[in-house]
Amino acid sequence: MPHSEVQGPTRRVLVTTGLAAAFVAATEVGGGRAVAAEPGAGAGPDGAPAVPAGASVPAARPGGKAPSGAWDAFNLSPASRTVRPVAVYTLTGTVRDPEALVTKGHGAAKATRITGKGSSVTFDFGKEVGGFVTLSFGRDGETNQTIGLTYAELSNFVSASSSDGSNGGSNNEPAVQYAVTPGGRISTDKDTPTAGAGPTATAHPASQLRGGFRYLTVVNESGGAVDLTDVSVRITFAPNAADLSAYPNYFHCDDDLLTRVWYAGAYTVQTNIIAADQGRVWGPPDLGWDNSAKVGEVGDTVLVDGAKRDRTVWPGDLGISVLTDYVSLGDLVTVRNSLQTLYNHQAGNGALPYAGPAVNFIGNSDAYHLWTLIGTASYVQLSGDTAWARTAYDGFKKAVAYIVGKIDAADGLLSVTGSADWARGDSDGKNLEANAIMYRALVTAAGLAGALGDDASAQDWTARAATLKSAIESGGYWDEAMGLYRDKPSGGGASLYPQDGNALAVWFGLTDSADRAAAISRALSWRWTAVGALTPEKTASSVHPFPGGMEVHAHFAAGQDATALELIRREWGYMLNAPTGTASTFWEGYRTDGTSDYSGSYMSAAHGWSTGPTSALTYRFLGIAPTGDAGSGHRVEPHPGEQRFAQGQLTTAKGVIGASWQQRGGGDFDLTVKAPSGAVDEIAVPVADPHGQVVRLDGRVVWQRSARRSGVTFSGGYVRITGVQAGTRKVSVRRH
């Protein structure tokens, strides 16, 4: 663009680089149920890809990287830790050449001049980023000038006077001010802010780290002219990753939106992996924020709840984010660091923290105590790290004994006394959600005990889980007319039919009835709003992606695959495509009108507990999932819904498992599995008519009416094959 000067009221300037244009194109393409063919490939019959996805599984790349393919276009992680804005979002006052810095290197002027107090330019990075900002200034600017910086995740909270809320107290976070030297540079991890209108200078350079934002506003706090010649951010999240974009796992399918959701969930959790000494200080400062707290006590990284805040290990969040991490990033070392940090703060009576350091709330949440137990068992199962498990096992057993002591001997139900939870209401007493988590904790604890050779505890916890399951069944929770469980058998909770408790009852296997599971799936879907599934245990107008992710898993567990996929499109598609969003990460919680459900700008827009669909898409839709609750084996059992193909891989303790499937009309289905020895216990393919279809393994019939190979069975709508040898195996389903 030619040299220009913009004056007057706020103006949105849509200036994008080639990278930004590609990003916008990707978000537009992903808005519906597009069938994505490989680049340059023609479409096959019925619009299917010309090359069947089930025909091959790509080989893994060296260094543990996933193979390259069309899915790489959906990976949101930057290739470099230094990122620059891709667009100018908004201007105020007098700004000359606002587009100069996003078109730099393309023949445009190389400085943006901001003149006069209050004039500002808001840069758009195109997606969630986080880290330290560096600004460079031209020599032609005036001396004795001051600039201010503000940050925002969502565009509706962009402001030249303050950042979106993050400190957890006043959330009063005015522009952080810096003195400008013409020809000089400001780096927020080296310079300290000017005393005065901004926060008081601190001795900790990490204090001004901003962990999550899409928009950066540079405002002239003085009266002269400032020439800005460069703006960049040094990404600080996932500091243990040499290459942020080099995931060991991948996912791809014929619906671009579903693929976008998978990668956005992975990226959300990646922004939540932080250096152990870059958490949020608690209690909060009166002005501004401070992200120099030590929140991890083992290793260099921890998995926290959000990029912008709270930047602390919260066990409930791990219930979702650990699974997301496993299926995408594969960073289980960070998971172990986070768990060990929680165990380091275990109380003498066995109680585990509601939140880790620096918040250090301990013993006031039975639900989060249970999530730590589940997270411990999950980590050991997924990693095979029994050596660490043995070091933590005494604390684990003490924690189990502590929570088992709260089970009412009269009716066999957990009675919650530590009622702090994820922000749901009515969270004390014998609420369904906590009892479902208790059941899951006992089941997984038994699996961990068995893996460690503690058969006595395994038998005890298995028996307790069965007793609890029976107590819930006979306890008055189920309402046949509603097709849902009540939150509590009596009192105020008897009129509440929670999303979290009902979803967990199905996902965690509290109900053995396929009909009941299907009824719950239907009843939950009837409550959907235009922007996602209702969460009445929060508020009557709340859509909360944390229990929403539980609901996605529940629909799959109930065999309602198409329903699960439709919820992902509706709720997570809304967050990705919302005009005010980050176009890259998932939000903490919002209302049915799309506004924040967490005190306005304080809502986190990159929250790991909202990434449930990523693990569901790998575990259920693609179909690579752990077998049971003990051991490191996996099964491959696709749940395709109405989609035509999917492919991906999962790196497990026993090696990489790749899967690729395609379904056509008439029940024809092709599945290819590639796995090392001992990694896959079972392969299952959907068979709608076991009497009229034939299943072949590597071309040989293993299932039909007159010939069934040993080790091949039919249940739950699937033909299941065990004893499959390592290597590449192809399974087909055809009509007779």
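One is the number of the first residue; the rest follow in order along the sequence.
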Take the angle between the ring planes of [X] and [Y] and call it parallel below 30°, perpendicular above 60°, tilted in between.
X	Y	answer
Y574	W587	perpendicular
W71	Y250	parallel
Y247	Y263	parallel

Is any side-chain heavy atom of [X] less than 4.5 Å from a side-chain heavy atom of [Y]?
X	Y	value
W314	S321	no
H607	D317	yes
S615	L617	no
Q208	V176	yes
T188	F132	yes
I186	I147	yes

Are a donor atom and an acceptor atom from the side chains of [X] and [Y] found within less than 3.5 Å of each other?
X	Y	answer
T122	T90	no
T92	S120	yes
S610	E588	no
T334	T301	yes
R113	N220	no
T341	S338	no
S222	Q145	yes
T259	D256	no
Q270	S77	yes
T115	T94	no
N240	D331	yes

Lys NZ or Arg CZ of [X] over [Y] ring: under 6.0 Å, within 45°:
X	Y	result
K538	Y598	yes
R210	W289	yes
R309	Y602	yes

Salt bridge [X]-[Y], side-chain N to carboxylate O under 4.0 Å:
X	Y	answer
D255	R569	yes
K294	D277	no
D230	R84	yes

Nearest-0.5 Å distance, [atom1] of residue [X] to [atom2] of residue [Y]:
X	Y	atom1	atom2	result
R570	L257	CZ	CG	12.5 Å
S584	R214	OG	CZ	7.0 Å
T611	L323	OG1	CG	8.5 Å
W609	F546	CH2	CZ	6.0 Å
K127	L576	NZ	CG	13.0 Å
D597	T595	CG	OG1	7.5 Å

Does the pair V295 and R311 meet the rule for a side chain to side chain contact (heavy atoms under 4.5 Å, CB included), with working shown?
-> CA-CA 8 Å; V295 294; R311 298 179 67 81; 6.0 Å; no
Within a reach of under 6.0 Å around CG of N360, are more than 12 heavy atoms found that belong to other residues, nucleotides or ligands?
-> yes
Crowding at CG, D286 (>12 non-hydrogen neighbours, <6.0 Å) = no
